[in-house]
**Student:** 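Below you'll find the structure I mean.
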Amino acid sequence: MTINIDNKNNDETTTDSASKEMESSRRNFIFGSVAAAGLTVAPGIMLYQTANARSLSDFSLKEGASSKVRWGMLVDTTKEVDWNKCVDACNKEHGLGNETNSRDEQKTQYIRVVEVKNKGTGYSMSLPVMCQHCESAPCVDVCPTGASMKRADGIVLVDRHRCIGCRYCMMACPYKARSFVHEVLTDQTENTPRGKGCVESCNMCVNRIDNGQEPACVEASDGAIIFGDLNDSESSISKILAKHGGKQIRADLKLNPGVFYQGI
Amino acid sequence: MWLHLNFNFSFNSSFVRKSLQRLPLFVVGLALFASFNTVSASQNGLGPEITIPESSGESCVLPSEQMRREHPDILKHDRIQTLREGLRAKADGSTLDGSLKQCVNCHAVKDESNKFVRIDNDQHFCVSCHKYAAVSIDCFQCHRDIPEGSGDFHALTNHKNINYSNVVPGTYNLTIKDMANIAPEVNSDDN
């Protein structure tokens with residue numbers, strides 16, 4: 001574990017306390033990951049992450065997004081999880097919900113909780129639907145300015161510097177994942193700049209991923225959402241997908257989304 | 001210079017008198033404009049008053065003269081790297097030169113009631129100059145205009161009951177990753 005602190009003041013106490021604090025928070029983070037690694041996929045099946053799997057922190061910030069990686073998520077809808085917890089975590093992370101003049105259906109949502117009911121059997125279930133981070137994303141195809149883009153590591157996001165707010169991508173997205181900001185916003189979070197006239201959607205918490213953290217909804221999901229590298233066969237998400245499978249929503253469209261579901 | 005002016009415009013004595021009366025004021029104004037660091041330079045009717053707020057950091061990423069001229073290019077260059085390429089730190093792990101978050105953290109201005117001023121206030125660091133130069137920027141339509149949390153310059157602590165006047169900004173070279181680990185939770189309600 002390298003701690004990169006270059007304190008020009010040579011203030012030993014500050015450095016010590018800072019590194020201790022950091023070490024403890026890293027330990028928490030590591031133990032948190034280990035706890036999240038032992039996952040129940042279906043009742044009675046436990047899966048464990050192996051020690052040689054690449055972890056988030058292995059990817060250096062200096063290198064930027066790499067196409068060797070493809071970030072993906074696996075949502076286990078069989079778990080009794082209140083998906084609104086994930087939505088709340090998402091809203092908090094990205095500072096959503098600060099619209100004051102928009103109607104409810106206009107307000108930005110990165111994650112929608114969709115209720116599905118089989119009328120024949122009466123069976124109902126709910127699942128969180130966010131940007132599916134498609135490999136061949138229609139929103140990227142149709143964007144006239146190159147604002148809607150796919151990062152090298154598979155994350156689909158909007159470059160607001162280039163977005164002109166035409167909303168073509170909203171029309172193109174089969175998952176209804178994108179929202180448009182209709183009004184002037186204030187009090188944005190510093191990690192998620194957002195403002196009037198731009199389309200936005202789930203960005204898989206790029207700022208957190210680049211900092212070696214998991215997306216906010218994954219953290220809040222009590223293990224019901226697994227995040228990892230789909231290109232790495234040793235990652236827990238790949239192992240679970242290989243063993244138990246997972247479904248993509250509207251797989252018939254052949255967009256190859258990076259978000260997989262179980263129990264749908 | 002005085003004699004020279006007198007010689008050239010001697011055919012109009014009233015004009016010369018007026019020019020000579022105004023000249024010292026003009027020279028003073030020019031001098032104040034040249035010494036750009038002057039805080040709250042009162043210029044008595046020679047245009048709007050400029051206030052260049054002092055920043056909290058020890059030094060900026062480039063010398064002030066260069067920053068004044070080149071900051072738009074640096075910001076534009078680094079925003080492409082950050083957003084589109086996922087590069088969020090320099091090779092040594094330090095923050096990118098054009099990190100707007102870092103700009104705001106160092107250059108945030110507080111008003112009399114010790115609260116950070118927002119972008120609609122003329123005292124805001126960016127506004128103070130851009131208003132004078134009549135350049136409208138739209139960065140802060142999306143970006144946060146004040147630091148998150150209560151007066152945090154660098155996330156060295158958990159932002160609770162800390163007297164930030166003792167923390168010298170800009171002396172700690174932490175990576176973004178370190179900062180995220182040390183202070184994962186920042187309470188933004190204090191503003």
Side-chain angles (χ1 to χ4, degrees), chain A residues 3-9 11 14-15 17-19 21-26 28-29 57 59-66 95 146 149 151-153 155 157-163 181 184-198 200 203 206-213, chain B residues 58 75-76 79-94 96 99-102 104-105 118-120 138-149 152 154-158 166-168 170-186 188-189 191:
Chain A
I3 299 160
N4 183 10
I5 294 185
D6 177 18
N7 191 331
K8 288 175 195 160
N9 278 353
D11 187 345
T14 315
T15 316
S17 64
S19 48
E21 212 172 316
M22 181 162 59
E23 224 166 296
S24 78
S25 66
R26 281 198 170 172
N28 289 343
F29 176 60
S57 51
F59 297 96
S60 168
L61 281 167
K62 297 161 207 161
E63 289 165 13
S66 158
M149 54 165 282
R151 243 170 56 146
D153 52 6
I155 298 174
L157 71 163
V158 179
D159 182 352
R160 289 175 179 80
H161 303 123
R162 301 189 186 186
C163 179
V181 180
V184 174
L185 298 179
T186 53
D187 268 329
Q188 294 92 336
T189 60
E190 62 180 15
N191 287 323
T192 311
R194 41 194 299 269
K196 184 182 177 183
C198 284
E200 55 182 359
N203 57 12
V206 269
N207 55 303
R208 291 173 66 99
I209 291 175
D210 290 347
N211 287 346
Q213 295 169 286
Chain B
E58 273 189 346
L75 283 168
K76 256 189 187 166
R79 83 183 188 189
I80 292 170
Q81 288 204 323
T82 302
L83 201 155
R84 303 188 79 90
E85 294 163 27
L87 267 163
R88 290 182 188 262
K90 287 195 279 195
D92 60 356
S94 60
L96 285 178
S99 163
L100 196 56
K101 190 159 74 179
Q102 197 60 36
V104 169
N105 283 347
R118 317 258 3 186
I119 194 70
D120 54 4
D138 53 7
C139 309
F140 297 102
Q141 286 177 13
C142 287
H143 283 276
R144 189 174 172 84
D145 49 357
I146 57 171
E148 261 183 10
D152 49 319
H154 288 279
L156 278 169
T157 62
N158 60 1
N166 295 330
V167 180
V168 183
T171 50
Y172 305 95
N173 189 15
L174 295 171
T175 63
I176 299 173
K177 198 186 277 185
D178 293 333
M179 289 199 266
N181 282 333
I182 294 167
E185 281 290 320
V186 177
S188 60
D189 301 334
N191 289 316

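So you know, we letter chains A, B, ... as the sequences are listed, proteins then strands, and number each from 1. Keep in mind it's a predicted model, so treat the numbers as computed, not measured.
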**Student:** Is it the backbone or the side chain of A/Ile155 that comes under 4.5 Å from a heavy atom of chain B, or both, or neither?
**Tutor:**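 Interface part for A/Ile155: neither.
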
**Student:** Please classify the contact of A/Val206 with chain B as side chain, backbone, both or neither, using a heavy-atom distance under 4.5 Å.
**Tutor:**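 A/Val206 touches chain B through backbone and side-chain heavy atoms alike.
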
**Student:** To the nearest 0.5 Å, tell me how far A/Asn207 CG sits from B/Thr82 OG1.
**Tutor:**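 Between A/Asn207 CG and B/Thr82 OG1, I get 11.5 Å after rounding to 0.5 Å.
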
**Student:** Enter the distance from B/Lys101:NZ to A/Asn191:CG here, rounded to the nearest 0.5 Å.
**Tutor:**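 Taking NZ in B/Lys101 and CG in A/Asn191, the distance rounds to 4.0 Å.
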
**Student:** Where do B/Leu83 and A/Val158 come nearest, in terms of heavy atoms and distance?
**Tutor:**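 Where B/Leu83 meets A/Val158 most closely, the heavy atoms are CD2-O, 4.3 Å.
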
**Student:** Test of understanding: with side chain to side chain contact (heavy atoms under 4.5 Å, CB included), list the residues that count as partners of A/Thr192, not counting sequence neighbours.
**Tutor:**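 Partners of A/Thr192 by the side chain to side chain contact (heavy atoms under 4.5 Å, CB included) criterion, ordered by chain and then number, come out as A/His94, A/Tyr110, A/Thr189, A/Arg194.
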
**Student:** Quick one: which of A/Gly195, A/Pro193, A/Ala152, A/Gly197 has the most heavy-atom pairs under 4.5 Å with chain B, could you say?
**Tutor:**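 Answer, by heavy-atom pair count under 4.5 Å with chain B: A/Pro193.
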
**Student:** Can you name the nearest heavy-atom pair linking A/Gln188 to B/Gln141, along with the distance?
**Tutor:**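 Closest pair (atom of A/Gln188, atom of B/Gln141, distance): NE2-O, 3.0 Å.
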
**Student:** Let me confirm one number: the CG-CD1 distance from A/Asp159 to B/Ile80, rounded to the nearest 0.5 Å.
**Tutor:**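 A/Asp159 atom CG to B/Ile80 atom CD1 measures 8.0 Å (nearest 0.5 Å).
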
**Student:** Which atoms form the tightest heavy-atom contact between A/Arg160 and B/Cys142, and what is the distance?
**Tutor:**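 So the two residues come closest at CD-SG, 4.1 Å.
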
**Student:** Applying side-chain contact (heavy atoms from CB on, under 4.5 Å) between A/Glu190 and each of B/His143, B/Arg144, B/Gln102, report the one that passes.
**Tutor:**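 Single side-chain contact (heavy atoms from CB on, under 4.5 Å) partner of A/Glu190 among B/His143, B/Arg144, B/Gln102: B/Arg144.
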
**Student:** Using non-hydrogen atoms and a 4.5 Å limit, figure out which bit of A/Asn203 sits close to chain B: side chain, backbone, both or neither.
**Tutor:**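 Neither part, no heavy atoms under 4.5 Å.
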
**Student:** So how far is it from A/His161 NE2 to B/Leu75 CG, rounded to the nearest 0.5 Å?
**Tutor:**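 CG of B/Leu75 is found 9.0 Å from NE2 of A/His161.
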
**Student:** Run the side-chain hydrogen bond (donor to acceptor under 3.5 Å, both in side chains) test against A/Asp153 and tell me which residues pass, sequence neighbours left out.
**Tutor:**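 If we apply the side-chain hydrogen bond (donor to acceptor under 3.5 Å, both in side chains) test to A/Asp153, skipping adjacent residues, the hits are A/Trp71, A/Arg151.
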
